[in-house]
Asker: 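Quick one: the structure is below, and I'll ask about it shortly.
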Amino acid sequence: MHWYARVWIPDPEEVWKSAELLKDYKPGDKVLQLRLEDGKDLEYCLDPKTKELPPLRNPDILVGENDLTALSYLHEPAVLHNLKVRFIDSKLIYTYCGIVLVAINPYEQLPIYGEDIINAYSGQNMGDMDPHIFAVAEEAYKQMARDERNQSIIVSGESGAGKTVSAKYAMRYFATVSGSASEANVEEKVLASNPIMESIGNAKTTRNDNSSRFGKYIEIGFDKRYRIIGANMRTYLLEKSRVVFQAEEERNYHIFYQLCASAALPEFKTLRLGNANSFHYTRQGGSPVIDGVDDAKEMVNTRHACTLLGISDSYQMGIFYILAGILHLGNVEFAPRDSDSCAVPHDPLTIFCDLMGVEYEEMAHWLCHRKLVTATETYIKPISRLHAINARDALAKHIYANLFNWIVDHVNKALHSTVKQHSFIGVLDIYGFETFEINSFEQFCINYANEKLQQQFNMHVFKLEQEEYMKEQIPWTLIDFYDNQPCINLIEAKMGVLDLLDEECKMPKGSDDTWAQKLYNTHLNKCTLFEKPRLSNKAFIIKHFADKVEYQCEGFLEKNKDTVYEEQIKVLKSSKFKLLPELFQDEEKVISPTSATSSGRVLLSRTPVKPAKAKPGQTSKEHKKTVGHQNETKDGCSSSQIVKVLNLYTPVNEFEERVLVSFIRTIQLRLRDRKDSPQLLMDAKHIFPVTFPFNPSSLALETIQIPASLGLGFISRV
């Protein structure tokens, strides 16, 4: 009996369908005679240009393998079919692909994460047990101890794939197998950070009831005996716009609904809360309740976790006062006086001011006016109703972002160890790739970050591995993989999307519409990854590694500038309550625009500072060196100091000092053999702002204010 080959053919409904050849293929054939699994015969026409044959199906004996690299044919239909067979037939959600663990979200609780399972994986080799997140965690723990090298686990995937839960299970594994070096239950504190961060950083989206709306990188520290001694968390790209706007069927951050659900508690009476539908900032999505979630019970968990991490009851109430204040601020409306001015009604601004401990008259005045300072005079200018609403929302976002950072700082203080850290394992849980009905600045930043992560994945799984094979002269057929560098260039290179956006933000009459036109003029028909929608002049399409995404230009400039008026912040700083001024004490000078943008790029102060006097024999030209150049002469910099430099000098506006690529390379080489080798590649944010080609700034180092609190004294002026 003659057996013919089996192949996969594309299908509009099932994506791929299996079929068997009825007749051997001969070179030059234009049609394949196939029989589908349901017995139906068909003629499959080959593409006349490429003449590409359909992918071959793996033999049945290999289907269901727990490692995709064991398959004879490794292509899209083979991967999808293998994962489907394991998930549907055997209820197995985990599959290996070499060192990568592929996980399918079952959207239900599975009994495979108990302490008995943790103990079963402890001490075992990765290939000896069934694929599991615990096997990956064990491998990282074992390699850290055996090779004395720090490890990192990157958890990536699209929105709703289960990244946050996977990261939590990895952390739980380390906490269980390592034990703590003290009686203070450090591992319990590390795990307690999860409910706090989820309450203030997670929200319901159309894809996921508990979607992380920020990126998180947590380093779990170990002593010489590889017991947990503490942890440190870094956060990225908090979606601030969610505080003031939610799309249909979405929610604001969980903490607001937890507060509203607990409004009847005696200690919360002074917050003057109602249900979530009482507030503009929590009712826009029209979906205030999540099935199966008790927000009042979740509030108990959040408060318990805060207590465990040493955030006192008085500070907790301070946090709740500020959160309730944000909700009342969202209900503040403005009555137009004329086209250029407005007034604010008494309520609910009074409640906001009472909760914040600030003067009503001052806040009412600066919500409807702004100060303009020229070289010779200062003007107080009324603002229109629309500008007042935008300023109100910007203020709410700014307060929330600062409160979020304050909580992260306090969580880090609670997790900090006085014992010297010997090694660490990092867990990166960052946004998944996103595409919604309407995609704006937030999705653009998220997808940009994912492009960078994908590039890291390509580097480690393909490029570096294949280079190693070639170096060792192992016979090897090079795998042709998708290189997403052209997409990254489209976004971040000179005259790229971000560059044009920053330029438009500096224009006196810059607008979303003129920015869109500049994008079309620069990239349309010149870059294959950039398209213009047929029926819109206010949107653009980027072909990302995962999918095509259409972005609406409306709001990009406003979100990138993130304008907060200085006088409003001054009013908040004068609060009679202890916590509120604390939120803003690290801000050197609040300007308009202020703070870091959602993309993590930091604005420098525009305040003119008198240049320092030159030392005798020193020319003014010597002052014009870049920050990177200044540091290349310093041998004693630690990696943490370098990270601070990269964080500080990544501004958007025209007064900027850029970090040279050569500087990063020099530092990496210099610290290559040291235990505190810099995490420059790990933390993508720190290498985003590097610009090609380098253009020296006209701003000298001595004219930049460097806050003493940052401990950057090692940047001496030569």
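Note that these values count all heavy atoms, side chains included, but never hydrogens, waters or copies made by symmetry. Given the structure is predicted, the values throughout are model-derived calculations rather than measurements.
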Asker: Can Lys84 and Leu80 be said to form a side chain to side chain contact (heavy atoms under 4.5 Å, CB included), step by step?
Answerer: CA-CA 6 Å; Lys84 179 182 174 184; Leu80 291 175; over 6 Å; no

Asker: Just how far is it from atom OG of Ser199 to atom CD1 of Ile407, taken to the nearest 0.5 Å?
Answerer: 7.0 Å

Asker: Do Tyr257 and Arg251 have side chains that get closer than 4.5 Å, going by heavy atoms?
Answerer: yes

Asker: With no hydrogens and no angle check, is any side-chain donor or acceptor of Asn82 less than 3.5 Å from a backbone partner on Glu65?
Answerer: yes

Asker: Between Asn150 and Gln143, does a side chain to side chain contact (heavy atoms under 4.5 Å, CB included) hold up when you go through it step by step?
Answerer: CA-CA 8 Å; Asn150 298 327; Gln143 286 194 24; over 6 Å; no

Asker: Taking atom types as modelled, find out whether Thr164 and Asp429 have a side-chain donor-acceptor pair closer than 3.5 angstrom.
Answerer: yes

Asker: Once you measure the plane-to-plane angle for Tyr113 and Tyr94, does it fall in the parallel (<30°), tilted (30-60°) or perpendicular (>60°) bin?
Answerer: perpendicular

Asker: Is there a side chain to side chain contact (heavy atoms under 4.5 Å, CB included) between Ile153 and Phe174? Walk through the geometry before answering.
Answerer: CA-CA 12 Å; Ile153 296 172; Phe174 299 134; 3.9 Å; yes

Asker: Please report the interatomic distance CD1(Ile220) to OG(Ser423), rounded to the nearest 0.5 Å.
Answerer: 11.5 Å

Asker: When the ring planes of Tyr141 and Tyr226 are compared, do they come out parallel, tilted or perpendicular, using 30° and 60° as the limits?
Answerer: perpendicular

Asker: How long is the straight-line distance from CD1 of Ile112 back to CG of Leu92, given to the nearest 0.5 Å?
Answerer: 8.5 Å

Asker: Is the shortest distance from a Lys or Arg side-chain nitrogen in Asp130 or Arg86 to a carboxylate oxygen in the other one below 4.0 Å?
Answerer: no

Asker: Tell me the closest heavy-atom pair linking Leu71 and Leu62, and the distance in Å.
Answerer: CD2-O, 3.6 Å

Asker: Checking the side chain of His132 only, and the main-chain atoms of Phe134 only, is there a donor and an acceptor separated by less than 3.5 Å?
Answerer: yes

Asker: Roughly how far, to the nearest 0.5 Å, is the CD1 atom of Ile200 from the CG atom of Leu323?
Answerer: 8.5 Å

Asker: Indicate yes or no for a side-chain donor-acceptor contact from Asp223 to the backbone of Arg225 under 3.5 Å, with no hydrogens or angles considered.
Answerer: yes

Asker: Can you tell whether the side chains of Lys452 and Glu492 come within less than 4.0 Å, N to carboxylate O?
Answerer: yes

Asker: Determine, step by step, whether Val427 and Tyr217 satisfy the side chain to side chain contact (heavy atoms under 4.5 Å, CB included) criterion, reporting the C-alpha distance in whole Å, the side-chain angles of both residues, the deciding distance to 0.1 Å, and the verdict.
Answerer: CA-CA 6 Å; Val427 180; Tyr217 174 63; over 6 Å; no

Asker: Is there side-chain contact between Leu101 and Pro131, with heavy atoms separated by less than 4.5 Å?
Answerer: yes

Asker: Could you go step by step and tell me if Gln316 and Thr307 meet the side chain to side chain donor-acceptor pair (under 3.5 Å) rule?
Answerer: CA-CA 9 Å; Gln316 285 182 44; Thr307 303; 3.1 Å; yes

Asker: Judged by atom type as modelled, is there a donor-acceptor pair below 3.5 Å linking the side chain of Tyr96 to the main-chain atoms of Met126?
Answerer: yes

Asker: Mind listing the closest non-hydrogen atom pair of Met197 and Phe404 along with its distance?
Answerer: CE-CZ, 3.7 Å

Asker: Below 4.5 Å, heavy atoms only, C-beta onward: do Arg213 and Ser211 meet side chain to side chain?
Answerer: yes

Asker: Can you tell if the side chain of Leu238 reaches within under 4.5 Å of the side chain of Tyr253, non-hydrogen atoms only?
Answerer: yes

Asker: Establish, yes or no, whether a centroid distance under 6.0 Å links the rings of Tyr315 and Trp406.
Answerer: yes

Asker: Dump the intermediate steps for side chain to side chain donor-acceptor pair (under 3.5 Å) on Asn210 and His254, then the final yes or no.
Answerer: CA-CA 9 Å; Asn210 189 33; His254 294 325; 2.9 Å; yes

Asker: With no hydrogens and no angle check, do the side chains of Gln455 and Glu451 hold a donor and an acceptor under 3.5 Å apart?
Answerer: no

Asker: Measuring from Ile322:CD1 to Leu579:CG, what's the distance to the nearest 0.5 Å?
Answerer: 4.0 Å

Asker: Going by an N to O cut-off under 4.0 Å, is there a salt bridge joining Lys168 and Glu198?
Answerer: yes

Asker: What is the minimum heavy-atom distance between Ala203 and Asn252, and which atoms define it?
Answerer: CB-O, 3.4 Å

Asker: Using only atom types and a distance under 3.5 Å, with no angle test, would you say the side chain of Asn105 pairs donor to acceptor with the backbone of Gly160?
Answerer: yes

Asker: Please determine whether the number of non-hydrogen atoms from other residues, nucleotides or ligands lying under 6.0 Å from atom CD1 of Ile88 exceeds 12.
Answerer: yes

Asker: Any side-chain heavy atom of Leu83 sitting closer than 4.5 Å to one from Ile104?
Answerer: yes

Asker: Does Asn450 reach the main-chain N or O of Ile446 with its side chain, forming a donor-acceptor pair under 3.5 Å?
Answerer: yes

Asker: With distance as the sole test, does Lys142 use its side chain to make a donor-acceptor pair with the main-chain N or O of Gln124 at under 3.5 Å?
Answerer: yes

Asker: Are the side chains of Leu110 and Ile93 in contact, using a 4.5 Å heavy-atom criterion?
Answerer: yes

Asker: Inspect the surroundings of NE2 in His75 and state if more than 12 heavy atoms from other residues, nucleotides or ligands are less than 6.0 Å away.
Answerer: yes

Asker: Which atoms form the tightest heavy-atom contact between Ser212 and Asn202, and what is the distance?
Answerer: CA-OD1, 3.4 Å

Asker: Taking all heavy atoms of Met233 and all of Val408, pick out the closest pair and write down the distance.
Answerer: O-CG1, 4.2 Å

Asker: What distance do Ile117 atom CD1 and Thr176 atom OG1 have between them, rounded to the nearest 0.5 Å?
Answerer: 12.5 Å

Asker: Would you find a donor on one side and an acceptor on the other, under 3.5 Å apart, between the side chain of Asn232 and the backbone of Glu219?
Answerer: no

Asker: Which residue in the set Thr302, Asp294, Val293 passes side chain to side chain contact (heavy atoms under 4.5 Å, CB included) when paired with Gln258?
Answerer: Thr302

Asker: Within a strict 4.5 Å, meaning less than it, do heavy atoms of the Val165 and Gln109 side chains meet?
Answerer: no

Asker: Is there side-chain contact between Glu148 and His422, with at least one heavy-atom pair below 4.5 Å?
Answerer: yes

Asker: May I ask you to check whether Tyr173 and Tyr121 place their ring centres under 6.0 Å from each other?
Answerer: no

Asker: Salt bridge or not between Glu434 and Arg207? Use side-chain N to carboxylate O under 4.0 Å.
Answerer: no

Asker: Grab the two heavy atoms, one from Gly98 and one from Thr69, that are nearest each other, plus how far apart they are.
Answerer: N-CG2, 3.6 Å

Asker: Would you confirm whether Lys189, through its side chain, and Gly310, through its main-chain N or O, come within 3.5 Å as a donor-acceptor pair?
Answerer: no

Asker: Is a side-chain donor or acceptor of Asn402 paired with a backbone partner of Phe584 at a separation under 3.5 angstrom?
Answerer: no

